[in-house]
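Quick note: residue numbers are just sequence positions, from 1.
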Amino acid sequence: MMKVVLRIVNISVTVLCGVLIVCALYYVGLSSYSFGYRVYTEPAVSSGNGQSMLVQVTEDMSLKDLAEVLEEKGLIRDARLFYLQATLCKFEPKMGNYTLKTSMTPSQMMEAMTPTKEDSSDDS
């Protein structure tokens, strides 16, 4: 009788562990998919005209620093997400002062801070 009870408990614990592992994998997968989806579809913080903010990009500023500044000013929702987007796009901001709006998407902000061909021909 005792062997039967121990066998039932053993099977129950094994099934419970399996269910917990499946739930954890589902949660991790769902979170990863959501984050990955946002990399390419992140909307602007606000709609309409939005609020204008002045952002200064300095020579010693890294992409992580820029992402944190944009998040602090309320221009983006997630600095980690912006950093990943910028890294994937091989974004290299040009030093300077920029007026960005909360109605701009992260890709529009990167475009506004990227030197154009006309800007680079002025430097040579």
Tell me, which pairs form a salt bridge (Lys or Arg N to Asp or Glu O under 4.0 Å) where one or both residues lie in [range], sequence neighbours left out?
range	result
residues 47-69	none
residues 36-56	Arg38-Glu42, Glu42-Arg77
residues 44-53	none

Can you check whether [X] reaches [Y] side chain to side chain, under 4.5 Å on heavy atoms?
X	Y	answer
Leu100	Met113	yes
Val69	Val57	no
Met110	Phe82	yes

field: Glu111 CD: over 12 foreign heavy atoms closer than 6.0 Å
entry: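 Atom CD in Glu111 is not packed in, count stays at 12 or less.
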task: Decide if atom CG of Asn10 counts as having more than 12 heavy atoms of other residues, nucleotides or ligands within a radius under 6.0 Å.
output: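 For Asn10, atom CG is crowded (more than 12 foreign heavy atoms under 6.0 Å).
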Going by side-chain contact (heavy atoms from CB on, under 4.5 Å), name the residues that satisfy it together with [X], two or more places apart in sequence or in a different chain.
X	value
Ile11	Arg7, Val15
Ile8	Val4, Ser12
Asn97	Leu54, Gln56

query: Does Gln85 reach the main-chain N or O of Val39 with its side chain, forming a donor-acceptor pair under 3.5 Å?
result: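 Judged by distance alone, yes, a pair lies under 3.5 Å.
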field: Tyr33-Tyr40 co-clustered via ILVMFWY side chain contacts under 4.5 Å
entry: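 No, no single cluster joins them.
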